[in-house]
Amino acid sequence: MRPVDRGSCPTDEGGGPKKFHPYDKAQKDIINRLGEYCSYCERRLSNVAIDHLLPKEWYPQCKENWDNFLPACPNCNGTKGRYMEKIWKFQKGKIPPNEKTVLAGYYWPDRHNTASIFQYKEGGLIQINPSLNLSQQQKAQNTLDLTGLQRHDEGNSDKLPTEKDRRWFHRREAWDIAVEQLKELQNNNITKKGVIRLAKALGFSSVWMTVFREDPEMLKQLIEAFPGTRKDCFDDLGHPIPLQENPPKPVENPSLRQESRYKIADVLPRSQEPSLLDWLEASGRLMSREERESDYAIDEEEIAALMSVEDTTYHDDDDDELVEED
């Protein structure tokens, strides 16, 4: 599953965030950012549907929220909606579960490094990455169940795709074509540019990334070719960076906010806080030199009197005159 970055909300002519009413007005901007590919099964789309991470029927406050949009195919969109309604038992007249609680149960391509949770095998089969720990594997399985991408197990009739669900068949076809292209490229019969063009036309970027995993240069070109792919999810060789077992918790700071890594940072405003000198003066901890000297001044007459007093208490025997005895 390709990790993506949709970026911050597009702006209108006045420079403010766009309003998507109705929500399908976001289709053009979504395509410009992420391409015409399903965010879950990764196939190329002839008609991009706007998927809501949180179902719009049960979370109407997120219906027109840019951060709740992802492009999806009808199969993934419908499968995901039916699954969430069943698992979370959404019912009319009842308050749905907390938004964060619902999202926390799955891996999302716009929020996690989804390139590292699945492995793509011969024939376009998808398996959970065995290097994940138990909790990560459970979350990855939840994601498979959410999207129905595992419908290819011929030994289990419950997981076989229906005639209307062509996702696995198309993925298997893309795998076979990618393997053929690898052989042709190794025999110098085609160019990498031609391979990239075909990969973009078919979709299934994870399939191409798997087939060409031994060619770092090709992997980098594939990452660049598919719009919106998060480059920070891959290492210098183009391989997925493993999920962190215990990722650091974000610092709770209301002055911080999350921005797209591609957005130019705002200029920090000049601090208006008082200086240390101003604070010392305002708090009474800083006193002027005149005031401090006047507190400790001694009367000049008193000083003169002290200096004029003879000291008769000291006698130096060495100064006595020696007297010779008779």
Specify the closest pair of heavy atoms between [X] and [Y], including all atoms of both residues, with the distance to one decimal.
| X | Y | result |
| --- | --- | --- |
| Leu219 | Gly238 | CD1-O, 3.7 Å |
| Tyr83 | Asn142 | OH-O, 4.3 Å |
| Gln119 | Lys121 | OE1-NZ, 3.3 Å |
| Arg6 | Arg33 | O-NH1, 2.5 Å |
| Trp88 | Pro97 | CE3-CG, 3.7 Å |
| Arg171 | Gly124 | NE-O, 2.6 Å |

Could you grab the distance from atom [atom1] of [X] to atom [atom2] of [Y], nearest 0.5 Å is fine?
| X | Y | atom1 | atom2 | result |
| --- | --- | --- | --- | --- |
| Lys139 | Leu146 | NZ | CG | 12.0 Å |
| Ile128 | Gln141 | CD1 | CD | 4.0 Å |
| Leu103 | His112 | CG | NE2 | 9.0 Å |
| Asp67 | Arg111 | CG | CZ | 7.0 Å |
| Met218 | Gln221 | CE | CD | 6.0 Å |
| Ile117 | Asn129 | CD1 | CG | 9.0 Å |

So do the side chains of [X] and [Y] get within less than 4.5 Å of each other, counting heavy atoms only?
| X | Y | result |
| --- | --- | --- |
| Pro17 | Trp66 | no |
| Phe118 | Ser206 | no |
| Asp29 | Phe20 | yes |
| Gln61 | Glu99 | yes |
| Tyr120 | Ile126 | yes |
| Phe226 | Leu34 | no |
| Phe234 | Met209 | yes |
| Leu237 | Arg213 | no |

Treat each ILVMFWY residue as a node, draw an edge where side-chain heavy atoms are under 4.5 Å apart, and state whether [X] and [Y] are in one component.
| X | Y | result |
| --- | --- | --- |
| Phe204 | Leu45 | no |
| Leu54 | Ile50 | no |
| Leu202 | Val48 | no |
| Tyr37 | Ile31 | no |

- Task: Kindly confirm or rule out a cation-pi arrangement of Lys94 over Trp58, judged by NZ or CZ under 6.0 Å from the six-membered ring centre and within 45° of its axis?
- Result: no
- Message: Could you check whether Arg172 makes a cation-pi contact with Phe169, meaning its NZ or CZ is under 6.0 Å from the centre of the six-membered ring and within 45° of the ring axis?
- Response: no
- Message: Tell me whether Ser116 contacts the main-chain N or O of Pro240 through its side chain, where contact means a donor paired with an acceptor under 3.5 Å.
- Response: no
- Query: Checking Trp208 side chain against Gly203 main chain: does a donor-acceptor pair fall under 3.5 Å?
  - Reply: yes
- Verdict with supporting geometry, Tyr23 and His52, ring-ring contact (aromatic ring centres under 6.0 Å, His included): CA-CA 10 Å; Tyr23 68 86; His52 293 77; 4.6 Å; yes
- Message: Does Asp236, at its CG atom, have more than 12 non-hydrogen atoms belonging to other residues, nucleotides or ligands within less than 6.0 Å?
- Response: no
- For atom CD of Glu184, decide whether the heavy atoms of other residues, nucleotides or ligands shown that lie under 6.0 angstrom number more than 12. yes
Show me the donor-acceptor pairs within less than 3.5 Å that the side chains of residues 191-201 make with the rest of the protein, sequence neighbours left out.
unit_1	atom_1	unit_2	atom_2	d
Thr191	OG1	Gly194	N	3.2
Lys192	NZ	Asp215	OD1	3.4
Lys192	NZ	Asp215	OD2	3.4

- Task: Evaluate the criterion side chain to side chain contact (heavy atoms under 4.5 Å, CB included) for residue pair Arg166 and Glu173; output intermediate values, then yes/no.
- Result: CA-CA 11 Å; Arg166 307 291 295 175; Glu173 181 181 24; over 6 Å; no
Side chains of residues 69-79: which donor-acceptor partners sit under 3.5 Å, not counting sequence neighbours?
unit_1	atom_1	unit_2	atom_2	d
Asn75	OD1	Arg43	NH2	2.6
Asn75	ND2	Lys164	O	3.4
Thr79	OG1	Asn75	O	2.7

- Item | Evaluation steps, side chain to side chain contact (heavy atoms under 4.5 Å, CB included), between Val4 and Thr229 | CA-CA 5 Å; Val4 298; Thr229 301; 5.5 Å; no
- Note on the structure: Residues at least two apart in sequence or cross-chain that pass ring-ring contact (aromatic ring centres under 6.0 Å, His included) with Tyr106, listed by chain then number, are Trp108
- Taking only Lys NZ, Arg NE, NH1 and NH2, and the carboxylate oxygens of Asp or Glu, determine whether Lys18 and Glu64 approach each other closer than 4.0 Å. no
- Item | salt_bridge(Asp5, Arg230) N-O dist < 4.0 Å | no
- Task: Scan residues 71-83 for pairs that pass salt bridge (charged side-chain N to carboxylate O under 4.0 Å, His left out), counting only residues two or more places apart or in two chains.
- Result: Asp51-Lys80
- Met1 and Tyr107: side chain to side chain contact (heavy atoms under 4.5 Å, CB included), yes or no, with the steps? CA-CA 10 Å; Met1 188 180 292; Tyr107 288 118; over 6 Å; no
- Query: Residues in salt bridge (Lys or Arg N to Asp or Glu O under 4.0 Å) with Asp176, at least two apart?
  - Reply: none
- Item | Glu36: partners by salt bridge (Lys or Arg N to Asp or Glu O under 4.0 Å), with sequence neighbours left out | Arg44
- Message: Between Glu42 and Arg167, is the salt bridge (charged side-chain N to carboxylate O under 4.0 Å, His left out) condition met? List the steps.
- Response: CA-CA 9 Å; Glu42 302 182 356; Arg167 293 176 295 175; over 6 Å; no
- Task: Apply side chain to side chain contact (heavy atoms under 4.5 Å, CB included) to the pair Tyr40 and Thr143, showing each step before the final yes or no.
- Result: CA-CA 10 Å; Tyr40 306 109; Thr143 306; over 6 Å; no
- Short side-chain donor-acceptor distance under 3.5 Å, Gln137 and Asn133: no
- Message: Under a 3.5 Å threshold, yes or no: a donor from one side chain and an acceptor from the other, between Asp145 and Gln150?
- Response: yes
